[in-house]
2 protein chains.
Amino acid sequence: MTETAAETAGGRRSDRTRAAILTAARERFAADGYERATIRAIAADATIDPAMVMRYFGNKEKLFAAAAEFDLRLPDLSALPREELGAALTSHFLDRWEGDESLKALLRASVTNEVAADRMRELFAAQLGPMIAKLSASTASAASSATAGGANTVDAASSVDVATRAGLVATQALGFALCRYVLALPPVANLSREEAVAWLGPTITRYLTGTPSTGTRQANTS
Amino acid sequence: MTETAAETAGGRRSDRTRAAILTAARERFAADGYERATIRAIAADATIDPAMVMRYFGNKEKLFAAAAEFDLRLPDLSALPREELGAALTSHFLDRWEGDESLKALLRASVTNEVAADRMRELFAAQLGPMIAKLSASTASAASSATAGGANTVDAASSVDVATRAGLVATQALGFALCRYVLALPPVANLSREEAVAWLGPTITRYLTGTPSTGTRQANTS
DNA sequence: TGGCCAAGTCAACACCTGTTGACCTACGGT
DNA sequence: ACCGTAGGTCAACAGGTGTTGACTTGGCCA
């Protein structure tokens with residue numbers, strides 16, 4: 001705590017144990033959730049003393065905060081045609097889920113830990129939201145009409161709140177991750193990557209750019 | 001033995017405390033998850049002694065099993081037109097989520113507790129699966145009016161595994177519940193009931209009866 | 001060489017957990 | 001009256017938790 005060193009020298013002893021703690025913490029938090037992942041178990045995984053965890057991270061909550069730091073690394077999708085947005089984003093989500101245990105740790109913990117839930121909320125508000133805003137901004141240039149109160153025009157897509165779209169995407173993305181990686185619901189866990197993208201893609205596309213169905217009118221969603 | 005009959009008014013003394021324990025347990029499990037919901041806290045809520053919980057339910061796991069017993073009470077949707085299936089099922093899910101805390105308890109616990117996860121898996125396999133099976137059986141006979149354009153193959157729907165459909169519905173249903181009731185993601189929590197049904201309805205409908213995005217243009221070169 | 005300080009060890013604290021067993025109390029049947 | 005028993009209370013156990021503080025090691029610089 002005394003030195004938040006700026007030197008990125010690879011060999012420092014403390015940096016290696018610090019990294020070992022973080023790796024072990026991510027695995028434990030991802031596998032067990034916040035309360036069942038004990039500092040003692042994490043320390044044992046990293047083959048260090050539990051007191052070291054306190055020395056480096058202060059307390060359990062700060063350890064989790066450090067272990068669950070996460071960036072969705074959302075790509076720029078504004079060049080893609082509309083109907084491929086969902087598939088591309090779904091594919092990206094699958095990459096992020098399978099490439100980094102932090103997200104699984106964050107999901108498991110956010111169900112019972114308020115700090116983790118806060119971070120989850122912020123993740124979608126601060127990262128997914130802006131991406132969607134940029135997306136609809138680039139597609140709105142085609143219509144280029146004033147954003148006045150007329151709700152049921154051709155521009156109906158942009159009349160939906162960006163945050164709402166982000167929230168809807170979150171419901172499908174987190175729900176899929178929950179069923180596939182946490183609950184391991186067999187039919188969802190057994191889905192191939194291509195099947196998953198094929199099923200979720202249109203859903204995500206609609207949440208990103210579409211409109212809700214207005215009553216019984218909905219005829220075709222393709 | 002004789003206790004099954006006379007429990008409407010007043011009832012046996014033990015039945016009342018038993019019910020009080022179950023109610024308190026459901027609330028605590030729903031609010032805190034499995035590990036943070038302590039027997040002592042549940043007993044305090046029910047204003048009884050912690051030892052009573054053990055007397056009536058044996059141990060914490062059995063208490064949870066009793067508190068999280070749940071029936072989705074899925075309605076018979078086979079009379080509805082295809083495109084309204086999703087909205088009807090979504091509406092029913094909202095009712096169940098908001099009318100009984102058991103589901104919230106089950107969701108929160110299933111993320112960290114294996115017994116709860118098992119029950120969650122069984123819930124969708126044993127209750128939602130059969131309902132979809134009945135659904136696709138009835139529509140296969142009735143929906144032979146091939147005038148509705150746009151579909152490529154009439155039998156394409158039934159070629160998808162029923163369990164897969166149930167799993168997909170689970171991803172959206174649980175994801176929505178997670179975001180709305182557990183994480184309280186603002187844009188999702190603030191959705192009105194009608195908005196929620198309008199957004200989720202088409203998604204659920206497609207998972208119930210539709211096909212993955214093979215019908216539309218496939219830009220996937222894998 | 002000698003000292004210094006980061007890095008690591010060890011044992012303990014205070015608290016909370018599920019769970020247990022011994023004890024008390026009300027009360028209906030005989 | 002008696003007493004058996006269902007229902008309830010109480011204090012404690014054994015183990016696990018996050019966290020702390022005093023202590024020891026190891027390697028670098030003057």
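Protein chains get the first letters and strands the later ones, always in sequence-line order, with residue 1 at the start of each. Here the structure is a predicted model, which means the values were calculated and not measured.
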Spacing between [X] atom [atom1] and [N] atom [atom2], to the nearest angstrom:
X	N	atom1	atom2	answer
A:Ile42	D:dT17	CD1	P	11 Å
A:Glu35	C:dG18	CD	P	12 Å
A:Lys60	D:dT20	NZ	P	15 Å
B:Arg36	C:dG18	CZ	P	13 Å
A:Asp32	D:dT17	CG	P	11 Å
B:Asn59	C:dG21	CG	P	14 Å
A:Arg16	D:dG26	CZ	C1'	13 Å
A:Asn113	D:dG18	CG	P	13 Å

Would you give the length of the straight line joining atom [atom1] of [X] to atom [atom2] of [Y], rounded to the nearest 0.5 angstrom?
X	Y	atom1	atom2	result
B:Ile21	B:Asp45	CD1	CG	11.5 Å
B:Leu200	B:Leu94	CG	CG	7.5 Å
A:Met131	A:Leu72	CE	CG	10.0 Å
A:Leu85	A:Ile204	CG	CD1	11.0 Å
A:Glu122	B:Leu185	CD	CG	11.5 Å

Mind listing the N/O atom pairs, protein and nucleotides 8-12 of chain C, below 3.5 Å?
| residue | atom | partner | partner atom | Å |
| --- | --- | --- | --- | --- |
| C:dG8 | OP2 | A:Tyr56 | OH | 3.0 |
| C:dG8 | O6 | A:Arg55 | NH2 | 3.3 |
| C:dA12 | N6 | A:Arg40 | NH2 | 3.4 |

| query | Would you call A:Arg121-A:Asp118 a salt bridge at under 4.0 Å N-O? | reply |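 Yes, A:Arg121 and A:Asp118 are salt-bridged.
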
